[in-house]
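Remarks on the structure that follows.
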Amino acid sequence: MPARSAKAHKPAPAASPVSLPAWFRPVLLAFAGIFLIGLFSTEIADTDFWWHLRAGEFIVQHHALPVPDPFAYTTVMGHPQYSGEWTTRHFNLTHEWLAQSIFYLVYRATGFPGVVIFRAILLMLFCAIAGLVAYRRCGGFYRGIAAAMATASVATQFTSDRPFLFTFLFLAITVALLEYRRALWLLPPLFLVWGNCHGGFVMGWAVLVAYCGEAVYRFWRKAPAEGDQRLLGIAALSVLASGINPNGFRVLEVLSYYQRSFMTSKLEEWGRPQFWPPKMFSILLALSAAVLAWAHRRVRPVDWLLFAAFAGACFTAERNVIWIAFLGPILLATYLPWKRIVQPIVEVAAGVLLLSAFATGIAHGSFFQLRTASWKFPAGAADFLLQHHVTQRMFNTYEYGGYLMWRLWPQERVFIDGRALNESVFADYVRMLYNHDASGGMSATELLDHYGIQVIVMNGFEYVSGALYNLAPALADPKQTEWALVYQDAQAVVFMRHPPPGVEPLNSLQVFDHLEADCGTHIQHDPRYPRCARSLAQAFTRIGEFQRARRWLGIYLEHVHEADPEASDAYRKLLSSGQ
C-alpha cells in the first residue's frame, strides 16, 4: 500500500461570526428608555393626584405647610378614634411637602402633559437602575434590559402621580450607589431630600441595614472589603439626615398607627396582596425564593437581607409589591446560570420585539397619553358650582374630594378626601353614603343636618366592588321634597337644599340616568371592574324596571371573568319572564 503523506491537513478556518455595528446596542438602549417612557405615560387618572397638586400650590405660594388643614371643613370635627390619630393626621398633612411642591412646579411650568412625562421619566429611571444593577452583577447586556423590562411589568401598576414615585427612584439610586461603591457621599443629601418627599424613606433604612450587615459579616469573617468602614459611617449620617423633616423619626410610630386605622383598612393599596391566581409580582417572588434556595452557597449576605426585607414588606400591603419587582430580576440575573454567548440574530430579534411592542402601544393609543382622564372626574359638577358661586357646606364622595379641592378651593371646602384625616368623620361619611340608619346613632338624614350640609356632589359606585352608593337613589324618591336634583351627567349628580336663583330643579328620577351613564363610562374605560352593572341591575329590579335590569345584568355577564351563578340565574329568570 502506498505510504500516507506525513503532512497533516490543516482544518479550514471557521467563518467569522457576523457582528452588528457598534451603534446597535447604544441605539437599542436608548430606544428601550423611550419605550418605557411611552409605557408609563398613561393619562392622569389617580384621584389623589389633585389634592397633592393643591397642597403643592399652597406650600409654594404661602411658604408654609398646610397645617391646620385649610381644604376640608371636617378635619377638626369629632373625636379621635384611636390614640395617635392626631399624630397621624399631622404626618399625613406634612410628610410629602417637598414632592407635592415639585409636582406643582412641574405642572405650573409644563401643564398636565409635563406631569405625565415627569412621572414616566421617574418610573423609567427606576426600571433602568434595576437593569443597570443586574448588568453590573452578571455582565450581560441583554439580561440587564430583560431585568428592566421585568421590573416595568409590575411598575405599570404604579403609574399614579404621587410622591411614592420619589421613593421608588431614591431607593433604586441607593442600591446602585452601594453596589458600585462610588460617590457614597451622595447618600446623606439623598436621604435628606427623601425624608421630605415621602415616608417611604424607611425602606432606604432597610437597604442601608442590609449592606451594612454584609459589611459587618465580612468584618466577622476577617475579610473586609475596601470602604466597609466608611460605609458604616455614611449609612449612619444618611439615617440622621432623613430625620430632618417635619415629623422627625415618627414615621415608624405612624406606620403602627396605620394598623389601627379603620380608614386605612378600607384602602385597597394597604390590603394584603392576592398571590393567586399568579401575577407578575408573585411569579417574581416565587422565582427569586427558588433561585436563592438553589444557589444558597454563593448568595451574598446582602441579597438574603434585602429579600427578607422586601418580601416581608410585600406580604403586608399591596402597595409594597413594587420592591420585589425591583429586587427579583436582579437576583435572577445574578444567580441563574445564563449563557454569555448572544448571537446577532438574537440581538436583532430583541430589537424587533421591542419595536413591535412600541408600535403596538402607539397604535392602541396607550402610549403618550398626555392628558387627564376627563371621564373619571366631576368637571361638569365643579363648573356648575363655580358658575353659581355656591359656597354652602358640601358633602362629597371620598374619591371626588381631591378633584373638588383642586377646582373649588377656596370658594368651597370639601367634606372628605383621600388624605384620610378623620376617623369619626369617615364613619359618618359611610353611614350617609350608604343611607344607613344604624341603631344607637344618628341616621343618614340626621347626619346631613348635623354637619349643616346644603350641597351634595357624588358619583354612583365604588367601582372595584361595584357597591352602589344608596344616598343618590334615596334622594331620587319623588316623595322627598327637601333635596332637589340640580345637575347630572356621567360623572356626578348635584343635589341642593336651596337651589340658587335661576336654577330649575331636574326630575329627580334622572338620577338613574346618571347611574347608567356612570357605570357604562367606567366599564368602557376600565372593563376590569364591571360589578357596578350587577349592582345597577339589582337596583332596577327592586323598583320594577325589569328591562333595564336585564340589560345591565347582561352587560355584567359579558365582562365578568369568574363564574357568578347567582347573577346567571337572575338573568335567565329575567329573560324567561319576558318583562
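Heads up: numbering here begins at 1 and tracks the sequence. Every heavy atom of this structure was used, including side-chain atoms; hydrogens, water molecules and symmetry mates were not.
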Checklist entry - Is a donor on one side and an acceptor on the other found under 3.5 Å between the side chain of Asn320 and the backbone of Thr316? => result no

Item to check | Trp205-Ser242 side chain donor-acceptor pair, cut-off 3.5 Å | outcome: yes

Next on the checklist: When you measure from the side chain of Glu318 to the backbone of Glu268, do you find a donor-acceptor pair of N or O atoms at a distance under 3.5 Å?
Outcome noted: no

Item to check | Heavy-atom pair with the smallest gap, counting every atom of Gly466 and Phe461 | outcome: O-CD2, 3.9 Å

Next on the checklist: The test is side chain to side chain contact (heavy atoms under 4.5 Å, CB included); show your working for Tyr104 and Gln61 and say whether it passes.
Outcome noted: CA-CA 10 Å; Tyr104 172 69; Gln61 293 183 352; 3.6 Å; yes

Checklist entry - Can any side-chain N or O of Arg181 pair as donor or acceptor with the backbone N or O of Glu226 at less than 3.5 Å? => result yes

Next on the checklist: Go through it in stages, so that I can follow the logic: the residues are Thr42 and Arg119, the test is side chain to side chain donor-acceptor pair (under 3.5 Å), and I'd like the CA-CA distance, side-chain angles, deciding distance and then a yes or no.
Outcome noted: CA-CA 9 Å; Thr42 55; Arg119 170 238 296 166; 3.2 Å; yes

Checklist entry - What do the steps show when you test Phe201 against Phe170 for ring-ring contact (aromatic ring centres under 6.0 Å, His included), and what is the final call? => result CA-CA 8 Å; Phe201 65 86; Phe170 292 160; over 10 Å; no

Next on the checklist: Distance alone, cut at 3.5 Å: any donor-acceptor contact between the side chains of Thr391 and Glu412?
Outcome noted: no

Checklist entry - Checking side chain to side chain contact (heavy atoms under 4.5 Å, CB included) against Cys212, which of Val207, Asp228, Leu231, Ile234 comes through? => result Leu231

Item to check | Partner of Tyr107 by ring-ring contact (aromatic ring centres under 6.0 Å, His included), out of Trp406, Phe118, Trp50 | outcome: Trp406

Checklist entry - Which value, rounded to the nearest 0.5 Å, describes the distance between Phe158 atom CZ and Leu122 atom CG? => result 15.0 Å

Checklist outcome for this item: Nearest heavy-atom approach of Gly402 to Asp417 is N-CB, 3.9 Å

Checklist entry - Is atom CZ of Arg407 surrounded by more than 12 heavy atoms (other residues, nucleotides or ligands) closer than 6.0 Å? => result yes

Item to check | Side-chain donor/acceptor of Tyr429 to backbone N/O of Tyr398, under 3.5 Å | outcome: yes

Next on the checklist: Please determine whether the number of non-hydrogen atoms from other residues, nucleotides or ligands lying under 6.0 Å from atom CH2 of Trp294 exceeds 12.
Outcome noted: yes

Checklist entry - Okay, side chain of Arg54, backbone of Met405: is any donor-acceptor separation there less than 3.5 Å? => result yes

Checklist entry - Taking atom types as modelled and ignoring hydrogens, do the side chains of His52 and Asp161 form a donor-acceptor contact shorter than 3.5 angstrom? => result no

Checklist entry - Do Asn459 and Tyr463 meet the criterion of a side-chain donor-acceptor pair at a distance under 3.5 Å? => result yes

Next on the checklist: Does either side chain, that of Ser465 or that of Glu462, offer a donor lying less than 3.5 Å from an acceptor on the other one?
Outcome noted: yes

Checklist entry - Gly144 and Ala134: which non-hydrogen atoms are nearest, and at how many Å? => result CA-CB, 4.4 Å

Item to check | Partner set under side-chain hydrogen bond (donor to acceptor under 3.5 Å, both in side chains) for Tyr335, not counting sequence neighbours | outcome: Asp303

Next on the checklist: Would you compute the distance between atom OG of Ser288 and atom CZ of Phe281 and round it to the nearest 0.5 angstrom?
Outcome noted: 12.5 Å

Checklist entry - Got a sec, which residues hit disulfide (SG to SG under 2.5 Å) with Cys127, two or more places apart in sequence or on another chain? => result none

Checklist entry - For Ala176 and Val133, which heavy atoms make the closest approach, and how far apart are they? => result CA-CG2, 4.1 Å

Next on the checklist: Ring of Trp270, cation from Arg319 - is the NZ or CZ under 6.0 Å from the centre and inside 45° of the axis?
Outcome noted: yes

Next on the checklist: Donor-acceptor check, side chain of Arg260 to backbone of Gly84, threshold 3.5 angstrom: yes or no?
Outcome noted: no

Checklist entry - Are side-chain N/O atoms of Asn92 and Thr88 paired as donor and acceptor at under 3.5 Å? => result no

Checklist entry - Just checking, is any N or O donor in the side chain of Thr74 or Arg413 under 3.5 Å from an acceptor N or O on the other one? => result no

Checklist entry - Between Phe415 and Val455, does a side chain to side chain contact (heavy atoms under 4.5 Å, CB included) hold up when you go through it step by step? => result CA-CA 10 Å; Phe415 182 88; Val455 183; over 6 Å; no

Checklist outcome for this item: Looking only at heavy atoms, the pair that brings Gly200 and Thr167 closest together is CA-OG1, 3.5 Å

Next on the checklist: Check this for me: does any side-chain nitrogen of one of Arg89 and Asp69 sit under 4.0 Å from a carboxylate oxygen of the other?
Outcome noted: no

Item to check | Any residue meeting ring pair (Phe, Tyr, Trp, His ring centres under 6.0 Å) with His198, in chain and number order, not counting sequence neighbours | outcome: His95

Item to check | Backbone N/O of Phe58 and side chain of His62: donor-acceptor pair under 3.5 Å | outcome: yes

Checklist entry - Can a donor-acceptor pair be found between the side chains of Tyr257 and Glu253 at a distance below 3.5 Å? => result yes

Checklist entry - How far apart are the C-alpha atoms of Lys376 and His522, what are their side-chain angles, what is the distance that settles it, and do they pass the side chain to side chain contact (heavy atoms under 4.5 Å, CB included) test? => result CA-CA 8 Å; Lys376 198 171 183 179; His522 273 79; 4.2 Å; yes

Item to check | Aromatic ring proximity Phe395/Tyr451, centre distance under 6.0 Å | outcome: no

Item to check | Enclosure of Arg221 CZ (heavy-atom neighbours >12, cutoff 6.0 Å) | outcome: no

Next on the checklist: Could you check whether any side-chain N or O of Tyr400 sits under 3.5 Å from a backbone N or O of Thr47, counting only pairs where one atom can act as donor and the other as acceptor?
Outcome noted: no

Checklist entry - Does Trp323 have its ring centroid less than 6.0 Å away from the ring centroid of Phe168? => result yes

Checklist entry - In this structure, are over 12 heavy atoms from other groups packed under 6.0 Å from Arg371 atom CZ? => result yes

Checklist entry - Looking at Tyr180, is Arg136 sitting on its ring face, NZ or CZ under 6.0 Å from the six-membered ring centre and within 45 degrees of the normal? => result yes

Next on the checklist: Given Phe112, which partner from the list Val106, Leu53, Ile117 fulfils the side chain to side chain contact (heavy atoms under 4.5 Å, CB included) test?
Outcome noted: Leu53

Checklist entry - If you measure from the Lys or Arg side-chain nitrogens to the Asp or Glu carboxylate oxygens, is any gap between Glu179 and Arg300 under 4.0 Å? => result yes

Checklist entry - Is Arg431 reaching over with its side chain to a backbone N or O of Met442, donor-acceptor style, under 3.5 angstrom? => result yes

Item to check | Evaluation steps, ring-ring contact (aromatic ring centres under 6.0 Å, His included), between Phe126 and Phe326 | outcome: CA-CA 8 Å; Phe126 172 68; Phe326 178 78; 5.4 Å; yes

Item to check | Any donor-acceptor N/O pair, Asn422 side chain to Val425 backbone, under 3.5 Å | outcome: yes

Item to check | Leu448 to Met432 - nearest heavy-atom pair and separation | outcome: CD2-SD, 3.5 Å

Item to check | Spatial distance of atom CZ (Phe91) from atom CG (Leu93) [nearest 0.5 Å] | outcome: 11.0 Å

Next on the checklist: For Tyr434 together with Tyr469, are the ring centres under 6.0 Å from each other?
Outcome noted: yes

Checklist entry - Going through the distances and angles, do Ile453 and Met394 end up as a side chain to side chain contact (heavy atoms under 4.5 Å, CB included)? => result CA-CA 5 Å; Ile453 292 167; Met394 174 176 64; over 6 Å; no

Item to check | Distance in Å, Phe262 CZ paired with Leu267 CG, rounded so as to fall on 0.5 Å steps | outcome: 10.5 Å

Checklist entry - Picking from Trp51, Tyr73, Phe71, Tyr403, what satisfies ring-ring contact (aromatic ring centres under 6.0 Å, His included) with Trp409? => result Phe71

